[in-house]
Participant: 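Provided herewith is a single structure, encoded as structure tokens, for subsequent inquiry.
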2 protein chains.
Amino acid sequence: MDDIGYMQKALLLAETAAANGEVPVGAVVVLADGQEFTGHNAPITLHDPSAHAEMRAMRAACAATGNYRLSGATLYVTLEPCTMCAGAIVHARIGRVVYGADDPKTGAVTSLYQVLSDSRLNHQPAVTSGVMADACGALLKRFFRHRRQHRKATTN
Amino acid sequence: MDDIGYMQKALLLAETAAANGEVPVGAVVVLADGQEFTGHNAPITLHDPSAHAEMRAMRAACAATGNYRLSGATLYVTLEPCTMCAGAIVHARIGRVVYGADDPKTGAVTSLYQVLSDSRLNHQPAVTSGVMADACGALLKRFFRHRRQHRKATTN
């Protein structure tokens with residue numbers, strides 16, 4: 001499967017997050033041997049501030065392989081990772097990160113910080129951005145527009 | 001209990017990490033009502049790159065309270081948080097962070113990044129640094145010195 005195929009999977013996971021009332025972000029970790037591990041954003045549902053899509057996919061992959069490192073793995077995620085997720089990506093030694101939409105408010109790959117290309121840290125994954133960015137961003141916009149309208153309706 | 005008392009608790013947790021062969025870092029989350037939740041660094045043992053001391057203490061507190069936010073809580077940790085942990089601290093809306101030793105290699109509070117005072121993010125906790133810094137740092141130095149000696153001995 002190519003980058004588009006994996007990002008389509010990540011988008012489906014993002015839709016699952018939205019259906020649960022969570023900010024729609026989805027992620028897939030693909031190991032060097034082709035094994036896949038998925039995650040969707042679920043901090044509210046799981047009572048866990050660290051339960052972002054990419055954290056959950058990485059933790060699932062690590063639990064299954066019995067290794068806290070995922071050297072050679074590729075992480076697909078619909079939204080630019082935040083500082084938390086970028087830090088975990090470095091800790092896990094993810095080989096390549098592919099993301100969809102930029103996150104100008106909290107992104108830590110290109111937007112606010114450039115954690116994944118920081119030569120002071122001990123790992124720099126390859127990064128591909130903008131894969132299916134319009135679809136990934138549109139899903140987020142729809143979610144926030146709907147939430148604003150709902151909140152307005154319930155406070156009137 | 002005051003800052004020194006909680007940091008002493010965090011130091012004992014760091015020693016537990018060291019006894020398990022993990023980098024010695026310990027953390028305590030204290031909620032506004034005084035409830036305490038602890039964590040020690042355990043990524044290798046738990047096969048989880050996100051299992052830093054402060055992440056584990058925050059997750060335990062969130063699981064117990066059924067809330068992904070810890071508004072008004074204080075986080076004590078023996079070492080300056082990294083980008084991952086600093087990001088999670090912002091997500092969890094921790095009220096105050098107290099840490100011991102600076103981490104010039106990966107610290108994201110004062111050393112490499114200043115995530116917790118970044119006004120572009122939507123939360124800035126109060127920060128107190130340097131509490132029992134010498135004891136916190138000495139424990140780390142002893143751990144790394146011992147590990148280097150052990151590696152040298154086993155490769156000769």
Participant: Find out if a path of hydrophobic residues (ILVMFWY) with successive side-chain heavy-atom gaps under 4.5 Å connects Y99(B) to L70(B).
Facilitator: yes

Participant: Give me the contact list for residues 38-69 of chain B versus chain A, heavy atoms only, anything under 4.5 Å, ordered by residue number.
Facilitator: P43(B), I44(B), H47(B), D48(B), P49(B), S50(B), H52(B), M55(B), R59(B), C62(B), A63(B), G66(B), N67(B), Y68(B)

Participant: Given a strict heavy-atom distance threshold of 4.5 Å, which part of L112(A) is in contact with chain B: side chain, backbone, both, or neither?
Facilitator: both

Participant: Quick one: do V90(B) and V25(A) end up in the same hydrophobic cluster if we chain Ile, Leu, Val, Met, Phe, Trp and Tyr together by side-chain heavy atoms under 4.5 Å apart?
Facilitator: yes

Participant: Looking at T106(B), D118(B), N122(B), which makes the most heavy-atom pairs under 4.5 Å with chain A?
Facilitator: D118(B)

Participant: According to a 4.5 Å side-chain heavy-atom criterion applied to Ile, Leu, Val, Met, Phe, Trp and Tyr, with indirect links allowed, do V115(A) and Y76(A) form part of one hydrophobic cluster?
Facilitator: no

Participant: Are V127(B) and L79(B) in one and the same hydrophobic cluster, where Ile, Leu, Val, Met, Phe, Trp and Tyr link if side-chain heavy atoms are under 4.5 Å apart?
Facilitator: yes

Participant: Using the rule that two of Ile, Leu, Val, Met, Phe, Trp, Tyr join whenever any of their side-chain heavy atoms come within less than 4.5 Å, decide whether F37(A) and V30(A) are in one cluster.
Facilitator: no

Participant: I need the minimum non-hydrogen distance between Q114(B) and Y113(A), along with the two atoms involved.
Facilitator: O-OH, 4.1 Å

Participant: May I ask you to name which of A108(A), C85(A), A88(A) has the most heavy-atom pairs under 4.5 Å with chain B?
Facilitator: A88(A)

Participant: Taking atom CG of D2(B) as the centre, report whether more than 12 heavy atoms of other residues, nucleotides or ligands fall under 6.0 Å from it.
Facilitator: yes

Participant: Would you name the heavy atoms of C82(A) and H91(B) that are closest together and state the gap between them?
Facilitator: SG-NE2, 3.4 Å

